[in-house]
Enquirer: 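Please see the structure below; I have some questions.
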2 protein chains.
Amino acid sequence: MYELFFKSLNEKIALTKEEEEIIKSYLTPKKLRKKQYLLQAGDVCKAIAFVEKGTLRAYSTDEKGNEHIIQFALEGWTISDLYSFITGEPAQYHIDALEDSEIVLITKSAQDEILKRVPKYETYTRMQLTGAYMAMQRRLTSIISLPVEERYIQFISIYPDIAQRVPQHMIASYMGLKPETLSRIRKKIASK
Amino acid sequence: MYELFFKSLNEKIALTKEEEEIIKSYLTPKKLRKKQYLLQAGDVCKAIAFVEKGTLRAYSTDEKGNEHIIQFALEGWTISDLYSFITGEPAQYHIDALEDSEIVLITKSAQDEILKRVPKYETYTRMQLTGAYMAMQRRLTSIISLPVEERYIQFISIYPDIAQRVPQHMIASYMGLKPETLSRIRKKIASK
DNA sequence: AAAAAGCCTTGATTTATATCAACAGATCCG
DNA sequence: CGGATCTGTTGATATAAATCAAGGCTTTTT
């Protein structure tokens with residue numbers, strides 16, 4: 001039930017069986033149907049979700065009803081509205097499932113308790129965050145400095161799994177483009 | 001010499017005098033002249049810089065010689081090529097001083113030693129990183145979802161100090177725009 | 001099985017931004 | 001001090017992306 005989660009954990013910090021049991025006692029498993037919300041903008045994000053199976057996405061909606069995808073999360077990734085999670089302010093993003101999914105929830109209080117009882121866990125959260133930060137910086141850099149065409153090629157090479165499992169118009173949104181534009185860019189690339 | 005640095009530290013984790021001394025022993029102060037490089041792309045980023053005084057920026061240069069500004073750092077901020085710092089791979093960014101500046105360097109080995117001897121410090125680095133992550137996420141979100149005009153207004157309201165101290169064309173670059181375009185956008189905003 | 005919804009593509013047109021070029025004021029530097 | 005560099009603005013034109021509209025294919029729902 002928590003296989004991937006502990007696999008990910010143990011890759012970064014080796015845990016004893018006892019430590020695993022402590023952590024396990026604070027986790028909440030949850031299943032989501034396709035399209036089901038994990039979080040709606042305006043609510044407070046009370047937990048970080050680790051994806052055991054399936055795909056989730058975080059996105060915002062503007063006045064015109066357009067969706068802007070902020071993040072995808074496949075197996076082994078975590079997803080949350082971190083700002084809301086940390087500050088307790090209302091979330092700016094919606095999070096929902098793109099397919100039937102299984103996740104592990106770590107609430108704020110669970111995280112605090114785990115940190116107290118398994119100090120090593122802080123190293124894990126720091127490494128997690130570092131990875132997330134670097135990934136986001138790469139994304140930002142590519143938006144600012146690469147022509148759209150190369151940005152798409154880079155995206156595909158870094159996240160082939162997302163490219164396969166997520167509808168194209170959502171990838172367009174993730175890249176800050178309209179679906180028609182991405183379609184034309186793909187055509188152009190294919191013709192080379 | 002390290003006033004701002006310890007002020008920032010003590011806001012997040014209260015330190016004893018002994019702990020401060022330990023940390024202090026691992027720090028390296030440095031002065032930079034305007035235009036002086038702290039890091040050049042291709043080199044390994046050996047330290048995180050905390051800005052005591054002045055302004056630095058991180059940027060990349062593309063084939064056409066265009067600069068793309070990734071980050072500014074004023075007093076109280078930190079700056080580095082985090083990816084290079086963590087992995088030891090060559091840096092992708094240049095970092096230099098926009099004015100005469102004073103910084104505090106924390107090398108990788110210094111950080112490791114501090115973490116060993118002052119475990120609390122990990123909480124600080126985690127909070128630092130969390131803040132940096134949230135700031136970057138906000139920036140990314142605004143790039144993807146806001147029209148340029150509102151993005152600029154938001155930038156000004158969040159970073160009035162940067163807007164005042166940094167040349168406009170660098171802010172344009174930070175926003176992924178050409179200087180002419182930003183100039184026109186400002187004109188448009190002013191006429192309202 | 002049929003209807004509906006979701007998804008991707010293509011074409012025509014509009015809008016936003018980049019590019020090219022020139023200029024004027026400010027600041028830096030020998 | 002005076003020329004050079006840096007900076008911000010404006011205009012004309014070219015290019016890229018958004019928008020509007022339609023069609024066909026696939027998947028989901030009833």
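As the structure is a prediction and not an experimental result, all values here were calculated from the model. Numbered from 1 within each chain, the chains take letters A, B, ... in sequence-line order.
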Enquirer: Give the rounded distance in Å between these two atoms: CG of L146(A) and P of dA17(D).
Expert: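 Going from CG in L146(A) over to P in dA17(D) covers 13 Å.
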
Enquirer: When you check the side-chain N and O atoms of R117(A) and Y26(A), is any donor under 3.5 Å from an acceptor?
Expert: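 Yes, a side-chain donor-acceptor pair sits under 3.5 Å.
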
Enquirer: Could you verify whether a donor N or O on one side chain and an acceptor N or O on the other, from T78(B) and Q128(B), lie under 3.5 Å apart?
Expert: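 There is such a pair between these side chains.
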
Enquirer: Both G176(A) and S183(B) contact DNA chain D. Which one's nearest nucleotide lies toward the 5' end?
Expert: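 In this pair, the answer is S183(B).
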
Enquirer: R165(B) CZ to dT27(C) C1': how many Å, rounded?
Expert: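 Nearest whole value for this atom pair: 18 Å.
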
Enquirer: So which nucleotide from dT9(D), dC8(C), dT17(C) ends up closest to the side chain of R186(B)?
Expert: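 Out of dT9(D), dC8(C), dT17(C), the nucleotide with an atom closest to R186(B)'s side chain is dT9(D).
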
Enquirer: Rounding to an integer number of Å, can you tell me how far E149(A) CD sits from dA17(D) P?
Expert: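 The answer, rounded to whole Å, is 9 Å.
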
Enquirer: Nearest whole angstrom, please: distance from the P of dT7(D) to the CG of L182(B).
Expert: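 Whole-Å distance recorded here is 14 Å.
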
Enquirer: Within the 3.5 Å criterion, strictly below it, is a donor on E20(A) or N10(A) matched to an acceptor on the partner's side chain?
Expert: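 Yes - a donor-acceptor pair under 3.5 Å links their side chains.
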
Enquirer: Considering only side-chain heavy atoms of P167(A), which listed nucleotide, dT19(C), dC7(C), dA17(D), is closest?
Expert: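 From the listed options, dC7(C) comes nearest.
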
Enquirer: May I have the distance from M175(B) (atom CE) to dT17(C) (atom P), rounded to whole angstrom?
Expert: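 Spelled out: CE on M175(B) to P on dT17(C) is 10 Å.
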
Enquirer: Taking the nucleotide of DNA chain C with the nearest heavy atom to each, does K35(B) or R184(B) sit closer to the 5' end?
Expert: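 Checking each residue's closest nucleotide, the 5'-ward one belongs to R184(B).
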
Enquirer: So if I take every side-chain heavy atom of K187(B) and compare against dT10(D), dA21(D), dT19(C), which nucleotide ends up nearest?
Expert: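 Minimum distance to the K187(B) side chain belongs to dT10(D).
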
Enquirer: In terms of side-chain heavy atoms, does R138(A) have a donor or acceptor partner in Q92(B) at a distance below 3.5 Å?
Expert: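 The criterion, which ignores hydrogens and geometry beyond distance, is not satisfied for Q92(B) and R138(A).
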
Enquirer: Answer with yes or no whether Q168(B) presents, from its side chain, a donor or acceptor under 3.5 Å of a partner atom in the base of dC6(D).
Expert: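 Not at all, since no donor on one side and acceptor on the other fall under 3.5 Å apart.
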
Enquirer: Tell me the interatomic distance from I185(B), atom CD1, to dG8(D), atom P, rounded to whole angstroms.
Expert: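 Whole-Å distance recorded here is 15 Å.
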
Enquirer: Taking atom P of dG11(C) as reference, at what distance in whole Å does atom CD of E180(A) sit?
Expert: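 In whole Å, dG11(C) P lies 14 Å from E180(A) CD.
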
Enquirer: Of all the nucleotides listed (dA21(C), dT7(D), dC28(C)), which has the minimum atom distance to the side chain of K34(B)?
Expert: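 The answer is dC28(C).
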
Enquirer: Quick check on DNA chain C: between H169(A) and L177(B), whose nearest nucleotide comes earlier from the 5' end?
Expert: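 Closer to the 5' end of DNA chain C: H169(A).
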
Enquirer: NZ of K178(B) versus P of dG11(D): gap in Å, rounded?
Expert: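 Those two atoms, NZ and P, are 21 Å apart.
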
Enquirer: Going by atom types only, do T141(A) and Y93(B) share a side-chain donor-acceptor pair under 3.5 Å?
Expert: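 There is such a pair between these side chains.
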
